[in-house]
Number of protein chains: 2
Amino acid sequence: MEWSIRDLAREYDVTLRTIRHYEALGLLTPERRGQTRVFHNRDRIRLELVLRGRRLGFPLDEIARIVNMYDDRPGEEGQLRYLLDQIGVRRAELARMREDISRTEADLDAVEARCREELDRLR
Amino acid sequence: MEWSIRDLAREYDVTLRTIRHYEALGLLTPERRGQTRVFHNRDRIRLELVLRGRRLGFPLDEIARIVNMYDDRPGEEGQLRYLLDQIGVRRAELARMREDISRTEADLDAVEARCREELDRLR
DNA sequence: ACCTACGCTTACGTGCACGTCAACGGTAGT
DNA sequence: ACTACCGTTGACGTGCACGTAAGCGTAGGT
């Protein structure tokens, strides 16, 4: 259950540079066998999270914080409260995106309708 | 029914620079009274579309194409077909985002649950 | 022995979306 | 006349997310 940097790059359709960049930002923490990076399942899961965050337009440093939520065992009450707060913030952002998506889809519906109309008229 | 650049900036919480930038990219086409920009309802609608696209993480040049779909009277059949095709592409992207959002929400649920558990244990 | 494919680091370059001056002009109030 | 606030056009700067070499080492196939 080990993967080279190239394996991951191929599977998730990203460049080697991107993966190295993510490691530099602490998003991935591959094992080092000599100089060579060796990736485990943990890294694949993390990479998937990162790519999802990226598709949703989150900056990488925010993604880093989110991703680290999964790992961190905060322990302290203040941190836990902060974490719950952050979760709320993310939820709000996601909810807003959902609305934006719905509105945009509605707009696309309208454009498509006019488009088909016009296309019919051409016959 | 006219607005200054500052009016728009205030209402939509963007900078003047941003609005000028959007004009430079053809996203907004304010009237020019002398040198001064005068915005009409059309520009407000466009700005809302742009900001929505921005929140969804679309690059501005893509947004430009989408926004111009609403205005263009393509007429020609080839263009109409292309337009319908593009609409399909956007829809696919939006659908994917929806899935990403759902998955992310589910993840947040899990983190939140663990978080509350931990918080309870502290008492 | 040599090529091919893989891996590494260091470091400068790039595209996008603006930010941030600088330098200027018009208008309205005191 | 002076100040304050609105507007304008360059044009260089910035932060992010990588792209793109340069230069190097290693391991396997012919």
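Naming: A, B, ... by sequence-line order, numbering from 1 per chain. Keep in mind the model is a prediction, meaning the values are calculated, not measured.
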Distances under 3.5 Å only, N/O to N/O: pair up the protein atoms with those of nucleotides 8-12 of chain C.
unit_1, atom_1, unit_2, atom_2, d
C/dC8, OP1, A/R37, N, 3.0
C/dC8, OP1, A/R37, NE, 2.8
C/dC8, OP2, A/R20, NE, 3.3
C/dC8, OP2, A/R20, NH2, 2.9
C/dT9, OP1, A/R32, NH1, 3.1
C/dT9, OP1, A/R32, NH2, 3.3
C/dT9, OP2, A/R37, NH2, 2.4

Handout entry: Results of salt bridge (Lys or Arg N to Asp or Glu O under 4.0 Å) for B/R81 - residues two or more places apart only
Key = B/E77

Practice task
Round to the nearest Å and state the distance from A/R6 atom CZ to C/dA5 atom C1'.
Solution key: 8 Å

Problem - Residues in side-chain hydrogen bond (donor to acceptor under 3.5 Å, both in side chains) contact with A/E99, at least two apart in sequence or another chain - result: A/R103

Exercise for the section: Take atom CD1 of A/I19 and atom C1' of C/dG7, then tell me their distance rounded to the nearest Å. Expected result: 13 Å

Exercise for the section: Indicate for each nucleotide in nucleotides 22-29 of chain D, in 5' to 3' sequence, whether protein heavy atoms under 4.0 Å reach the base (B), only the sugar-phosphate (S), or nothing (-). Expected result: --------

Exercise for the section: Please list all pairs passing the side chain to side chain donor-acceptor pair (under 3.5 Å) test where one or both residues lie in residues 56-66 of chain B, with sequence neighbours left out. Expected result: B/E62-B/R90

Report each atom pair, protein N/O against N/O of nucleotides 15-17 of chain D, whose distance is under 3.5 angstrom.
unit_1, atom_1, unit_2, atom_2, d
D/dA17, OP1, A/L60, N, 2.6

Handout entry: Residue list, side-chain contact (heavy atoms from CB on, under 4.5 Å) with A/D107, at least two apart or on another chain
Key = B/L49, B/R52, B/Y70

Completion exercise
Residue pairs passing the salt bridge (charged side-chain N to carboxylate O under 4.0 Å, His left out) test with at least one member in residues 6-18 of chain B, sequence neighbours excluded, are B/E11-B/R44

Exercise for the section: Could you pull out all residues at least two apart from A/R20 that satisfy side-chain contact (heavy atoms from CB on, under 4.5 Å)? Expected result: A/I5, A/L16, A/R37

Handout entry: Listed partners of A/R98 passing salt bridge (Lys or Arg N to Asp or Glu O under 4.0 Å), at least two apart
Key = B/E105

Exercise for the section: Please identify each residue that fulfils salt bridge (Lys or Arg N to Asp or Glu O under 4.0 Å) with A/R121, with sequence neighbours left out. Expected result: A/E117, A/E118

Exercise for the section: Would you indicate whether A/R96, at its atom CZ, is surrounded by more than 12 heavy atoms from other residues, nucleotides or ligands within a distance under 6.0 Å? Expected result: no

Handout entry: For B/E31, all residues meeting salt bridge (Lys or Arg N to Asp or Glu O under 4.0 Å), sequence neighbours excluded
Key = B/R33

Exercise for the section: Look at the side-chain N and O atoms of A/T15 and state whether any lies under 4.0 Å from the OP1 or OP2 oxygen of D/dG19. Expected result: yes

